[in-house]
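As structure tokens, the structure follows; a few thoughts come after it.
Keep in mind the model is a prediction, meaning the values are calculated, not measured.
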Amino acid sequence: MRLKATIAYDGTRYVGYQVQPNGNSIQAELEKALKKMTKGIALKVYSAGRTDSGVHARGQVIHFDYPVPIKPDNALRALNSILPTDIRVVAVKAVRADYNAQYHSQKKRYRYQMNTATIQDPFTRLYMWHHPYHTQIEPMKEALKVVVGEHDFTSFCSTKTDKENKVRTVYRADIEEISGDRFDFVFEGNGFLYNMIRILVGTSVQIGDGLRTIETMAEILKAKDRNAGGPTAPACGLFLERVWYPEEVENVSLDTDME
């Protein structure tokens, strides 16, 4: 049976979501836990998207095919009893056999947390970009309006990407003021390129710091050249917050005799 799970994780000590040869990953921990649950059967886990080294998630979505019937609540409890405490499964449900966490996703929301206090809070240093300057929010909000809509985001994509098509649609690009020295960038779109959000944040902060004008955001977008864009913001402030799916691919009736 195919199961969909929503997971949250602290990405600080991982090389990213995807299995890689140079260190431990979120995917590796999930597959290790499932192998223990199935007493040695190796299962492949598929995700809505890959997060980079040091990036966190509150609402990452995965799917996998469990070899025997199991109640979703039992799968949730079993996984959380095995996984390290910096990875938590927050919801599990049975889905259609053709459900795909990546290809059926309609929209994703990312949040980037930033703090401009003079002194860095040691308890948030792993989850916010500490930028101790008087960054102006309004110019950044105005500049981000330019990226809403369908665009070629080559200028805001790492040159290491394996994606040839760099056209994406952004539905929301905004800043939420949380407190006097804390604000969050919020992005929603149908998909995001490698480092796209972190480069958008880095470029926006240059505008907020007065190093670039509001108008340069449109110029950078039009250039389709990574060299035209700003720096890549640190990974620690970025969270995958939510993934949306159409109801029809998630609905399935459960057998009440499942273990």
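V89 and A5 make their closest contact through CG1-CB, 4.2 Å (heavy atoms, listed as atom of the first residue, atom of the second, distance). Summarising the geometry of S105 relative to V243, their closest heavy-atom pair is CB-CG1, 3.6 Å, with the distance given to 0.1 Å. Across all their heavy atoms, W244 and R109 have their closest contact at CH2-NH2, 3.5 Å. The two residues A173 and V147 make their nearest non-hydrogen contact at CB-CG2, 3.7 Å. The minimum heavy-atom distance between P122 and R125, with the atom names listed, is O-NH1, 2.7 Å. The two residues N195 and S158 come nearest to each other via the heavy atoms ND2-CB, 3.7 Å.
Within the 4.5 Å cutoff, no side-chain heavy atoms of F187 are placed close to those of R172. Residues Q18 and S25 have side chains not in contact (no heavy-atom distance under 4.5 Å, counting atoms from C-beta outward).
When the side chains of ILVMFWY residues are joined at heavy-atom separations under 4.5 Å, either directly or via intervening members, I137 and M128 end up in two distinct hydrophobic clusters. The hydrophobic clustering, which links ILVMFWY residues whose side-chain heavy atoms are closer than 4.5 Å, places I214 and F183 together. Residue F239 is not grouped with residue Y171 when hydrophobic side chains (ILVMFWY) are merged at heavy-atom distances under 4.5 angstrom, including chains of intermediate members. There is no path of hydrophobic side-chain contacts, each under 4.5 Å, that joins Y46 to Y66. Put simply, L193 and Y103 are part of two different groups of oily side chains (I, L, V, M, F, W, Y) that touch within less than 4.5 Å, one to the next.
When atom types are taken as modelled, the side chain of H131 and the backbone of V205 share no donor-acceptor pair closer than 3.5 angstrom. The backbone N or O of E241 sits nowhere less than 3.5 Å from a side-chain atom of R58 that would complete a donor-acceptor pair. Between the side chain of S155 and the backbone N or O of K224, at least one donor-acceptor pair lies under 3.5 Å. In terms of modelled atom types and a separation under 3.5 Å, the side chain of R50 and the main chain of S47 share no donor-acceptor contact. Side-chain atoms of R111 do not come within 3.5 Å of backbone N or O of L240 as any donor-acceptor pair. Proximity of a side-chain donor or acceptor of D52 to a complementary backbone N or O of V55 within less than 3.5 Å is not detected. Panel note: side chain N80, backbone R88; no donor-acceptor pair is recorded below 3.5 Å. For the pair T38 (side chain) and L34 (backbone), a donor-acceptor distance under 3.5 Å is present.
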Item to check | Intermediate values then yes/no, side chain to side chain donor-acceptor pair (under 3.5 Å), N24 and E29 | outcome: CA-CA 8 Å; N24 197 19; E29 289 291 349; 2.6 Å; yes
Checklist entry - When you look at Y99 and Y245, which way does the ring pair (Phe, Tyr, Trp, His ring centres under 6.0 Å) test go after all the steps? => result CA-CA 10 Å; Y99 170 89; Y245 293 90; 5.4 Å; yes
Checklist entry - Passes salt bridge (charged side-chain N to carboxylate O under 4.0 Å, His left out), D73 versus K71? Steps please. => result CA-CA 6 Å; D73 285 349; K71 288 183 178 180; over 6 Å; no
Item to check | Worked check of salt bridge (charged side-chain N to carboxylate O under 4.0 Å, His left out) between E177 and K141 | outcome: CA-CA 11 Å; E177 298 179 55; K141 283 186 174 183; 3.6 Å; yes
Checklist entry - How far apart are the C-alpha atoms of T135 and D209, what are their side-chain angles, what is the distance that settles it, and do they pass the side chain to side chain donor-acceptor pair (under 3.5 Å) test? => result CA-CA 5 Å; T135 305; D209 288 345; 2.7 Å; yes
Next on the checklist: E219 vs K222, test: salt bridge (charged side-chain N to carboxylate O under 4.0 Å, His left out). Steps then yes/no.
Outcome noted: CA-CA 5 Å; E219 295 168 5; K222 187 177 180 180; over 6 Å; no
Checklist entry - Can you check salt bridge (charged side-chain N to carboxylate O under 4.0 Å, His left out) on D65 and K44, steps first, answer last? => result CA-CA 8 Å; D65 292 325; K44 184 71 180 290; over 6 Å; no
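Inspection of the Q120 and N115 side chains reveals no N or O donor paired with an N or O acceptor under 3.5 Å.
In this structure, CZ on R2 lies 4.0 Å from NE2 on H63, to the nearest 0.5 angstrom. With values rounded to the nearest 0.5 angstrom, L3 atom CG is found 10.0 Å from L43 atom CG. Atom NZ of residue K4 and atom NE2 of residue H104 lie 12.0 Å apart, to the nearest 0.5 angstrom. Annotation: the span from L30 atom CG to I82 atom CD1 amounts to 11.0 Å, rounded to 0.5 Å. Taking CG of L200 as the reference point, atom CZ of F156 lies at 5.0 Å (rounded to 0.5 Å). Atom CD of E176 and atom CG of D174 lie 7.0 Å apart (nearest 0.5 Å).
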Pair up each side-chain donor or acceptor in residues 7-16 with any protein partner under 3.5 Å, not counting sequence neighbours, and list the distances.
{"from": "Y9", "atom 1": "OH", "to": "T51", "atom 2": "OG1", "distance (Å)": "2.7"}
{"from": "Y9", "atom 1": "OH", "to": "Q60", "atom 2": "NE2", "distance (Å)": "3.3"}
{"from": "D10", "atom 1": "OD1", "to": "T12", "atom 2": "N", "distance (Å)": "2.9"}
{"from": "D10", "atom 1": "OD1", "to": "T12", "atom 2": "OG1", "distance (Å)": "2.5"}
{"from": "D10", "atom 1": "OD1", "to": "H56", "atom 2": "ND1", "distance (Å)": "3.4"}
{"from": "D10", "atom 1": "OD2", "to": "Y127", "atom 2": "OH", "distance (Å)": "2.5"}
{"from": "R13", "atom 1": "NE", "to": "D86", "atom 2": "OD2", "distance (Å)": "2.5"}
{"from": "Y14", "atom 1": "OH", "to": "D86", "atom 2": "OD1", "distance (Å)": "2.7"}
{"from": "Y14", "atom 1": "OH", "to": "D86", "atom 2": "OD2", "distance (Å)": "3.3"}

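Partners of K145 by side-chain hydrogen bond (donor to acceptor under 3.5 Å, both in side chains), not counting sequence neighbours, listed by chain and number: E142.
Separation of the Y110 and F192 ring centroids falls under the 6.0 Å cut-off.
Taking the six-membered ring for Trp and thresholds of 30 and 60 degrees, W129 and Y112 have ring planes more than 60 degrees apart, a perpendicular arrangement. Ring geometry for H151 versus F153: interplanar angle over 60°, hence perpendicular rather than tilted (30 to 60°).
Heavy-atom neighbours of Y133 OH from other residues, nucleotides or ligands within 6.0 Å: at or below the threshold of 12.
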